[in-house]
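Note that this is a predicted model, so its numbers are computed, not measured. Here is the naming used below: chain letters follow the sequence lines, and residue numbers restart at 1 for every chain.
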Protein chains: 2
Amino acid sequence: MDRTARRPDSRYGNRPTMKDVAARAGVGLKTVSRVVNGEPGVTPDTERRVQEAIEALGFRRNDSARVLRKGRTASIGLVLEDLADPFYGPLSRAVEEVARAHGALLINGSSAEDPEREQELVLALCARRVDGLVVIPAGDDHRYLEPEIAAGVATVFVDRPAGKIDADVVLSDSFGGARDGVAHLIAHGHRRIGFIGDQPRIHTAAERLRGYRAAMEDAGTAIEDAWMSLGVTDPVRVRKAAEDMLAGPDPVTAIFAGNNRVTVTVVRVLSEVDRPVALVGFDDIELGDLLRPGVTVVAQDAAQLGRTAAERLFRQLDGVSVVPERIELPTRLITRGSGELPPAD
Amino acid sequence: MDRTARRPDSRYGNRPTMKDVAARAGVGLKTVSRVVNGEPGVTPDTERRVQEAIEALGFRRNDSARVLRKGRTASIGLVLEDLADPFYGPLSRAVEEVARAHGALLINGSSAEDPEREQELVLALCARRVDGLVVIPAGDDHRYLEPEIAAGVATVFVDRPAGKIDADVVLSDSFGGARDGVAHLIAHGHRRIGFIGDQPRIHTAAERLRGYRAAMEDAGTAIEDAWMSLGVTDPVRVRKAAEDMLAGPDPVTAIFAGNNRVTVTVVRVLSEVDRPVALVGFDDIELGDLLRPGVTVVAQDAAQLGRTAAERLFRQLDGVSVVPERIELPTRLITRGSGELPPAD
DNA sequence: CCCGCATCTGACAACGTTGTCCAGGGCCTA
DNA sequence: TAGGCCCTGGACAACGTTGTCAGATGCGGG
């Protein structure tokens, strides 16, 4: 008895191939290929027969084989921190739209802010031979990407610069935005201003902290340690940080929140405090205009970041740009009330 | 003179292949394959030599070729409406996590609520030979998927059922949720309750409308045409619809909003109205607890939807389940104030 | 009527990987 | 020392597609 199966591995449930279509249509393999790809040199009659066979068999070209042959996958990868974060949704969508306009699919993955996972994801995408990568870096050493870039994988970093390699990067002006936001508070009479932000190893967090410091310095105000809380974004610790700043004999009269998650929690805390405390947040938050007071924010345009990065990526793929560039997009201060509150004391 | 290039198409910038690695390490091609895949039967010394060659050349296995040979891509597709919608971010992330746990990558695309684009995307994903598909359908006819499913592409629909084919589907209890939400308003004394929702051709919208009708009927209240606005989600038209309901001699005293986008706009409108109008929205909205009054919502768990669907998908891929099933997840009424306001008159 | 040309078609190799199968060599045992 | 077995390594085909190139077919003009 023959134990060997006709097909050793069941594969795609025995999908029809061009060969099958060719057999059914009574034409050559290459003719089917021509029809499928809309290449010229096929008589209408032959084309019709092939089309019928395709319909009848439910044939669908195997892009894996196509990729293997052609070398281009028409897909790009996007590695970001967390798709569930409202900041990244629009960014991802913007990248997708640009990709779509260039006929490419988007594969994306979340690094969960873990450098190891970022690398793992990026390399997995490279193994799929994506044509290009848009990366929002979690780590700060991207030398592992050098062979990939050398091999022709277009790469653009977004939101934070690459570490230890020279690559295109598109970011928001975190420094300027934070400085303006803090200056806004100062202009409204505040001096004791708290800062709650992420770990300074994250570029944007460091830049925003730098902006905070610069604005305070411009105003000639010495910053007290108790006003700063770094490396804190989870709700529990942000809450504690905010409450600490607001307690004691000499509390802050205003808070600058380093990103959208921090802002949201600070809003919660402030809603429970009986005296008015001013607030400016980095990143816009949904419904920020409907709160009372409305939340004044330094807004960055996530979609524009994504769009710019993706366009830059495809320009690389078209072989246009070669010199890595750093593109910085301006932020926008949106005043809604919370940042215009005067000091409470 | 020879005009033909050494390599006709430049391809991946001449990436090293296993052959190159083998040559450099002085071993056979298959031995490299064994090392790369961690297969047994390679002496430590040989393995070391191969590893060194891999490092030196920056070799990365070409997964396209691997896929072609093995038949499984270890990737799944997710087609949703709009990644920028806060409802889909967590859903997508949940699917990704499950995929990751099964060693698969996630390719996702936005249909923009366009049936044609949905089909285009799905077929593109099938051409990539994704192992499975999670689809949030935009269209209502999915017979085009029949050959794919027959060919072994695992498929799960989420949020809305498939049209004209029998397939797994995971959804929220839109009918029950909407009925409960409206009943909640009725329990607080409302009778003239407006409904603003999406086009009834969308399953969830139809179900929510049905829930609204059922609750009203249970209360013995005849619905007036002026109370209902269907097929309306963009801010401008929602605003107009809400304003219309609130104007006139006999305005509604409460509004049931059919999804998160509608809710947000209705909140905006209500914040401009001088009398209190009750509101219950379908879908939770961020910061809904911080508004005054807090927004009472019928919440669905987007992440749980995604997780359930993805797990079901991988169960299909493991060949466990065969009979298409319909899984309905309960919704949860979250009372925060806006739904408990009494009628204004 | 035949030749030449243009148009259409198909055979074949190659893409980079993995599965199958066989060869060679070392080691243990009789 | 010879025989057999196990362990390691490599040659080869195949996956489904596309590029190359040459053959077939048909048509018009000389």
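In terms of heavy-atom proximity, A/E118 sits nearest to A/V79 at CG-CG1, 4.3 Å.
Applying the 3.5 Å distance criterion, the base of D/dG19 shares a donor-acceptor pair with the side chain of A/K30. Side-chain atoms of A/R69 come within donor-acceptor range of the base of D/dT18, with a qualifying N/O pair under 3.5 Å. Within 3.5 Å, a donor on the side chain of A/R34 pairs with an acceptor on the base of C/dG10, or the reverse.
With sequence neighbours excluded, no residue forms a side chain to side chain donor-acceptor pair (under 3.5 Å) with A/R34. Contacts of B/E47 classified as salt bridge (charged side-chain N to carboxylate O under 4.0 Å, His left out), with partners at least two apart in sequence or in another chain: none. In this structure B/S110 satisfies the side chain to side chain donor-acceptor pair (under 3.5 Å) test together with A/E96, sequence neighbours excluded.
The phosphate of C/dT18 has OP1 or OP2 within less than 4.0 Å of a side-chain N or O from B/S33.
Mapping B/T31 and B/A65 onto DNA chain D via the closest heavy atom, the residue that lands nearer the 5' end is B/T31.
For the pair A/D20 CG and D/dT17 P, the computed distance is 9 Å after rounding to whole Å. Atom CD of A/E39 is separated from atom C1' of C/dT9 by 13 Å (rounded to the nearest Å). Remark: P of D/dT17 and CZ of B/R66 are 20 Å apart, rounded to the nearest angstrom. Put simply, CG on A/L29 is 15 Å from C1' on D/dA14, counting in whole angstrom units. For the pair B/L68 CG and C/dA14 P, the interatomic distance rounds to 17 Å; values are reported in whole Å. If you measure from atom CG of A/N62 to atom C1' of C/dC15, you get 13 Å, rounded to the nearest angstrom. Between B/R15 atom CZ and C/dG16 atom C1' the separation is 12 Å, expressed in whole Å. One atom, NZ of B/K70, and another, P of C/dT20, lie 10 Å apart when rounded to the nearest Å.
Side-chain contact between B/Q304 and B/T308: present, with at least one pair of heavy atoms (C-beta onward) separated by less than 4.5 Å. With a 4.5 Å cut-off on side-chain heavy atoms, B/V122 and B/E148 do not count as touching. Looking at heavy atoms from C-beta onward, B/D159 lies out of side-chain contact with B/H203 at the 4.5 angstrom threshold. Residues B/R49 and B/D45 are in side-chain contact: their nearest non-hydrogen atoms beyond the backbone lie under 4.5 Å apart. Between A/V35 and A/V27, every side-chain heavy-atom pair lies at or beyond the 4.5 Å cut-off. Contact annotation: the side chain of A/L106 approaches that of A/I76 to within less than 4.5 Å [non-hydrogen atoms, C-beta and beyond]. For the pair A/L317/A/R72, a side-chain contact is recorded, criterion being any heavy-atom separation below 4.5 Å from C-beta on.
We find the CD-CZ distance between B/Q119 and B/R143 to be 11.0 Å, quoted to the nearest 0.5 Å.
Within 4.0 Å of B/N37, counting heavy atoms only, lie sugar-phosphate atoms of the nucleic acid but no base atom. Heavy atoms of A/V27 sit under 4.0 angstrom from primed sugar atoms or phosphate atoms, though from no base atom.
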Check: protein-nucleotides 23-25 of chain D nitrogen or oxygen pairs below 3.5 Å:
none

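Residues from residues 41-57 of chain A placing a heavy atom under 4.0 Å of any atom in DNA chain C, listed by number, are A/G41, A/V42, A/T43, A/T46.
The bend of the helix from C/dC1-D/dG30 to C/dA30-D/dT1, defined by the angle between the axes of its first five and last five pairs, stands at 60° to the nearest 10°.
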